[in-house]
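Heads up: the structure comes next, in structure tokens.
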Amino acid sequence: MTTTKKFQITNAATGTSSELEALSPTLGSDVLNLAPLQKDQGVFTYDPGFMNTAACESKITYIDGDKGVLLYRGYPVDQLAEKSSFLEVSYLLIYGELPDKIQLDAFQNSIMRHTMINESLLRFYNGFHYDAHPMAQVSAVIASMAAFYHDSLDIHNPRHREIFAHRMIAKIPTIAAAAYKHSLGQPFIYPRNDLPYTANLLNMFFAVPCEEFHLEPVAVQALDLLLILHADHEQNASTSTVRLAGSTGTNPYAAISAGVAALWGPAHGGANEAVLAMLEEIGTVDNIPKFLARVKDKQDNTRLMGFGHRVYKNFDPRAKIIRETCHKVLTKLGRGDNPLLELALKLEEIALHDDYFVSRKLYPNVDFYSGIIYSALGIPRNMFTVMFAIARTAGWVAHWQEMIADPTMKIGRPRQLYTGPVQRDYADIASR
Ligand code: ACO
């Protein structure tokens with residue numbers, strides 16, 4: 001990180017000036033260091049929704065929202081999607097480099113040896129009603145993990161951090177599958193360490209003890225691709241939540257649980273579930289104009305789910321890849337004439353030619369198509385965001401590690417623009 005440009009801010013009333021340095025990243029816009037403002041001028045900055053604020057320095061993921069570029073540790077996501085695997089990408093995100101054969105084997109071995117969860121943790125699910133949303137179950141069970149794996153919770157010990165990272169990536173599919181089996185009332189299927197990561201995940205979801213379960217290679221491949229595409233996305237809401245919670249020095253499982261909670265919302269990871277609900281509500285192509293009229297009506301709170309993004313003002317590169325994969329996967333699974341996909345394609349085409357969406361630079365995001373693939377794989381709608389959480393765990397863990405290992409880390413503590421009452425005296429209840 002170099003400092004090349006300097007800016008001067010002058011207080012028009014007092015004439016006092018502050019010199020601010022612009023920090024130059026390896027890619028992307030310069031970032032103004034505002035630290036002197038409070039000291040020199042006595043003012044804070046105001047940036048609701050962090051529209052313009054870089055809250056940390058990071059070396060993990062880069063997005064160019066105007067060009068539709070997404071890089072994990074410098075590697076374009078489309079190359080990783082074509083050539084890599086989810087576990088290799090997880091290694092890349094955590095350790096910063098692609099592994100060689102020995103490193104990848106060791107990493108896979110370690111992950112596949114940590115897949116079981118403590119039996120007591122498994123009994124937690126019985127406390128949930130069968131129709132509890134799986135995100136509620138997953139978030140609660142992850143929060144409880146600190147109570148079970150407290151042998152390696154020293155966040156200042158790099159080996160403890162590594163064990164946590166491996167445990168989290170290894171156990172999240174088991175935790176998710178247990179939530180799914182609980183909702184069905186089916187027996188829990190234990191992990192199989194002889195299977196690759198994504199195959200094991202599907203096996204835990206769909207196998208039953210009473211008959212042989214055949215894993216469809218195209219399903220494993222499609223899910224692995226979705227996991228790669230959702231693995232990280234720099235300082236999004238859930239990752240920022242993990243960082244903020246983790247910055248207090250709390251145990252890392254609590255921080256990841258907070259991330260799951262943030263991901264759940266429909267403006268973030270919950271969008272994949274909302275897209276399917278929206279497509280089902282629209283029903284047929286004839287109803288698209290009526291639905292889009294509601295989306296454009298400012299009195300109506302309806303949004304075109306799976307469209308728009310805080311950073312991408314061009315095509316989300318992940319959406320492009322998923323859109324292409326959708327056709328291939330559905331055809332190979334024998335569900336080529338999928339009416340929801342036809343409806344989504346038509347909706348996308350109409351929206352992309354509509355001035356409302358064009359003028360606001362609203363394009364399909366990663367979740368416009370992901371739900372269609374998840375449904376084709378037999379994953380129910382309320383599990384979509386859980387699948388996203390499994391993938392994003394790799395990114396959350398990488399960001400938490402990066403933050404804790406940084407000797408300059410500070411507790412995250414934003415300021416505010418206070419607009420409440422000025423100081424006043426307590427009035428006795430009789431006089432109010
Ligand atoms: N449908 C209709 N209008 C939209 C949409 C949408 N999906 N997204 C943005 N807009 C409009 C807003 O109404 C606003 O219009 P205005 O200028 O006339 O007031 C303008 O576009 C800017 O929108 P903001 O909400 O200010 O943009 P922001 O960057 O804060 O929000 C967000 C981004 C939350 C993703 C938004 O586009 C959205 O709600 N999309 C739908 C939900 C979704 O798909 N989320 C998944 C995001 S990807 C992910 O997290 C994995």
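Order of appearance sets the numbers: ligands from 1, and atoms from 1 within every ligand. This structure is a prediction, so every number in the text was calculated from the model and none was measured.
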With a 6.0 Å cut-off on ring centres, are [X] and [Y] close enough?
X: H160; Y: Y149; result: no
X: H182; Y: H129; result: no
X: F188; Y: Y190; result: yes

Heavy-atom pair with the smallest gap, counting every atom of [X] and [Y]:
X: I322; Y: Y369; value: CG2-CB, 3.5 Å
X: G270; Y: T385; value: CA-OG1, 3.5 Å
X: A258; Y: T241; value: O-CG2, 3.6 Å

Less than 4.0 angstrom from a charged side-chain N to a carboxylate O is my criterion; do [X] and [Y] meet it?
X: K320; Y: D78; value: no
X: E281; Y: R294; value: yes
X: E21; Y: K6; value: yes
X: E216; Y: K332; value: no

When you measure from [atom] to every protein heavy atom, which one gives the shortest distance, and what is it?
atom: atom 19 (O) of ligand 1; result: K298 NZ, 3.4 Å
atom: atom 48 (S) of ligand 1; result: H309 CD2, 3.6 Å
atom: atom 7 (N) of ligand 1; result: L304 O, 2.8 Å
atom: atom 42 (C) of ligand 1; result: M305 CE, 3.5 Å
atom: atom 41 (C) of ligand 1; result: F307 O, 3.4 Å
atom: atom 30 (O) of ligand 1; result: R310 NH2, 3.0 Å
atom: atom 23 (O) of ligand 1; result: R303 NH2, 4.2 Å

Where ligand 1 meets [X] - atom numbers and elements under 4.0 angstrom, heavy-atom basis:
X: V295; result: 1 (N), 2 (C)
X: Y356; result: 2 (C), 3 (N), 4 (C), 11 (C), 13 (O)
X: A271; result: 43 (C), 44 (O), 45 (N), 46 (C)
X: G306; result: 43 (C), 44 (O)
X: R360; result: 11 (C), 15 (O), 16 (P), 17 (O), 18 (O), 20 (C), 21 (O)
X: F388; result: 51 (C)
X: H268; result: 46 (C), 49 (C), 50 (O)
X: D367; result: 51 (C)

Kindly state if [atom] has a protein heavy atom within a strict 4.0 Å cut-off, that is, under 4.0 Å?
atom: atom 45 (N) of ligand 1; value: yes
atom: atom 39 (O) of ligand 1; value: yes
atom: atom 11 (C) of ligand 1; value: yes

**Asked** Cationic tip of R360 within the cone over Y356's six-membered ring, i.e. under 6.0 Å and within 45° of the normal?
**Response**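 Yes, a cation-pi geometry holds between R360 and Y356.
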
**Message:** Looking at ligand 1, would A267 count as a contact under a 4.0 Å heavy-atom criterion?
**Reply:**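 Judged by the 4.0 Å heavy-atom criterion, A267 does count as contacting ligand 1.
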
**Request:** List the steps and the verdict of side chain to side chain contact (heavy atoms under 4.5 Å, CB included) for M145 and N251.
**Result:** CA-CA 10 Å; M145 282 171 78; N251 76 77; over 6 Å; no

**Item:** Region of L362 that comes within reach of ligand 1 [heavy atoms, distance under 4.0 Å]
**Value:**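 Within the 4.0 Å criterion, L362 contacts ligand 1 through side-chain atoms alone.
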
**Message:** Please check if the number of heavy atoms outside N301 that lie under 6.0 Å from its CG is greater than 12.
**Reply:**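 Atom CG in N301 is not packed in, count stays at 12 or less.
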
**Request:** Run down the list G270, G308, A237, P266 and name the one with the heavy atom closest to atom 37 (O) of ligand 1.
**Result:**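 Among G270, G308, A237, P266, the closest heavy atom to atom 37 (O) of ligand 1 comes from G308.
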
